[in-house]
Amino acid sequence: MREGGGATDAKVLLEPLLALHDRIRDAVLRACEQQSSADLSAVASDDTSPGDTIYAIDRVGEAALEEGLAEIALTEPLVLVAEGLAGGKLVLPRGTSESGCRWRILMDPIDGTRGLMFQKRSAWILTGVAPNKGDHTRLRDITLAVQTEIPLLKQHLGDQLWAVRGGGTQARRFDRVSGRTAPLTLRPSRAGTIEHGFSTVVRFFPGARDVLAAVDDDLVLAVLGPPPAGRAACFEDQYASTGGQLYELMAGHDRFIADLRPLTMAVLAERGLPQPLCCHPYDVCASLIAEELGVVVTDAFGAPLDAPFELESDVAWIGYANAQLRAVLEPQLRLALRQRKLS
């Protein structure tokens, strides 16, 4: 592999990637303005490439992505790993050897497709950049991450965040009406309890919702006890976008999120159901941004979040807004997982 590729070196890609994210955001917004939800939600591909189902709106993002990265690759040859590509990856410029590339880039051009195409909630463009170690590259190798909001049509503001490993997180807010951007400060919650806050165990899809809900109830009862009659102990937010969930932790909106879907495989098998749709590495490729801001992001068992730098692995992850919340919640979460036979 070509030598180099540390965090300092990765900064050369920051401005081009920010511009690429702007390009993808604008292309997708134009498509949302010009086409109906029915058109954008048409299935474009369901089994021809690794990753999730590809919808018509995804093709818009992919086209802008490939065009923009082809320009970046003229000066920085790279390996793109993303959905919708034959074999799940593309070497740019075309004809370059994979071993001759300094960078490996994992991208999700639209994370939260379903919410966006029905104009329910913002989607996110996610990018993680790592030194190219070929098939040995992993998420923990990511040294630069960028995350950009694709807002709803009725929403005039959208946020953009980025981080270089060891250099903290930066953010700005884009105004679609004026075309201007302004610096943005994000602060994760400093609360030491989930009481009266948002705390979520992800259960988007049918099959094992009851089991995941039971884990949630076990956890909340263990740390808060029964709520007073007629009162809510805490709240949840089933935001069907991993990038969006991490943003909610960074913005101080949410205090705890656990996506434990891969742990339900055995339960579903016992019920005669297929394996679930889970979070994949590209969904968490920008988690470095949250970590640099102080959000604690782990795997299902408390280790630093890591996964292969590819499209198909199932990823379980947990996010705590701060270390104090982790100290309170993690032991009880582990107990709940053991009691529900998920660990």
Side-chain angles (χ1 to χ4, degrees), residues 2 5 10 12-35 39-113 116-117 123-132 134-135 137 142 144-150 158 160 162 241 243 280-283 285-286 309-312:
R2 186 173 158 189
V12 71
L13 291 171
L14 176 57
E15 289 302 326
L17 284 174
L18 290 172
L20 173 60
H21 276 224
D22 291 347
R23 181 175 184 166
I24 295 171
R25 178 198 62 209
D26 294 346
V28 173
L29 282 170
R30 283 195 299 272
C32 289
E33 290 171 337
Q34 297 168 3
Q35 300 180 51
D39 291 336
L40 294 172
S41 61
V43 175
S45 174
D46 200 28
D47 58 5
T48 58
S49 62
D52 200 356
T53 300
I54 304 296
Y55 294 95
I57 192 172
D58 290 306
R59 293 301 190 202
V60 177
E62 290 166 7
L65 165 63
E66 288 195 37
E67 291 171 4
L69 274 184
E71 295 173 7
I72 295 173
L74 293 176
T75 54
E76 289 288 339
L78 56 89
V79 181
L80 169 64
V81 181
E83 290 183 288
L85 303 174
K89 64 183 177 182
L90 175 65
V91 180
L92 294 170
R94 294 179 185 272
T96 304
S97 68
E98 186 171 340
S99 62
C101 298
R102 182 159 63 148
W103 305 110
R104 209 168 184 89
I105 297 182
L106 183 59
M107 286 197 70
D108 191 345
I110 309 179
D111 178 40
T113 300
L116 182 67
M117 65 193 183
W124 296 85
I125 307 162
L126 308 176
T127 301
V129 180
N132 181 25
D135 293 337
T137 312
I142 289 174
L144 167 66
V146 180
Q147 173 172 340
T148 300
E149 185 174 9
I150 306 176
Q160 188 171 64
W162 63 93
S241 162
H280 296 122
Y282 51 84
D283 294 308
C285 70
F309 204 90
E310 39 93 319
L311 305 179
E312 296 185 280

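As a basis for the values below, the full set of heavy atoms in this structure was taken, side chains included, without hydrogen atoms, waters or symmetry mates. We're numbering straight along the sequence, starting at 1.
Not a single donor-acceptor pair under 3.5 Å links the side chain of Glu76 to the backbone N or O of Leu13.
Residues Thr137 and Val81 form no side-chain contact, since every pair of their non-hydrogen atoms from C-beta on lies 4.5 Å or further apart. Leu85 is listed as a side-chain neighbour of Glu66, based on a closest heavy-atom distance under 4.5 Å. Side chains of Thr96 and Arg94 form no contact here, defined as non-hydrogen atoms less than 4.5 Å apart. Between Ile125 and Met107 the shortest side-chain heavy-atom distance falls below 4.5 Å. Side-chain atoms of His280 and Asp283, non-hydrogen and from C-beta on, do get closer than 4.5 Å to each other. Between Thr75 and Val12 there is no side-chain heavy-atom pair separated by less than 4.5 Å. Annotation: side chain of Leu20 is not in contact with side chain of Val146 (no heavy-atom distance under 4.5 Å). Looking at Ile142 and Phe309, their side chains come closer than 4.5 Å, going by heavy atoms from C-beta outward.
The CD1 atom of Ile24 sits 6.5 Å away from the OG1 atom of Thr127 when rounded to the nearest 0.5 Å. Atoms CD and CD, on Glu83 and Glu312 in that order, are 10.5 Å from each other to the nearest 0.5 Å. In this structure, CG on Leu90 lies 6.0 Å from CG on Leu80, to the nearest 0.5 angstrom. Between Trp103 atom CH2 and Leu17 atom CG the span is 10.5 Å, to the nearest 0.5 Å. Between the CD atom of Glu15 and the CH2 atom of Trp162 there is a distance of 7.5 Å, given to the nearest 0.5 Å. Note that the OG1 atom of Thr148 and the CG atom of Leu18 stand 6.5 Å from one another [nearest 0.5 Å].
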Run the side-chain contact (heavy atoms from CB on, under 4.5 Å) test on Gln147 and Leu126 for me, step by step, so that the C-alpha distance in whole Å, both residues' side-chain angles and the decisive distance to 0.1 Å come before the verdict.
CA-CA 5 Å; Gln147 173 172 340; Leu126 308 176; 3.6 Å; yes
Could you go through the side-chain contact (heavy atoms from CB on, under 4.5 Å) check for Leu74 and Leu92 one step at a time?
CA-CA 8 Å; Leu74 293 176; Leu92 294 170; over 6 Å; no
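Closest heavy-atom contact between Gly112 and Ala123: O-CB, 3.6 Å. The shortest non-hydrogen separation linking Ala64 to Ala27 is CB-CB, 4.2 Å. The heavy-atom pair separating Glu67 from Arg23 by the smallest distance is OE1-NH2, 3.4 Å. When every heavy atom of Trp124 is checked against every heavy atom of Ser241, the shortest pair comes out as CD1-OG, 3.6 Å. Nearest heavy-atom pair, Tyr282 versus Leu311, reported as atom, atom and distance to 0.1 Å: CE2-O, 3.3 Å. Contact detail for Pro281 and Glu310: the closest heavy-atom pair is CB-O, 3.1 Å.
Using a cut-off of 4.0 Å between Lys/Arg side-chain N and Asp/Glu carboxylate O, Glu98 and Arg104 are scored as salt-bridged.
A donor atom on one side chain and an acceptor atom on the other are found under 3.5 Å apart for Gln160 and Asp22.
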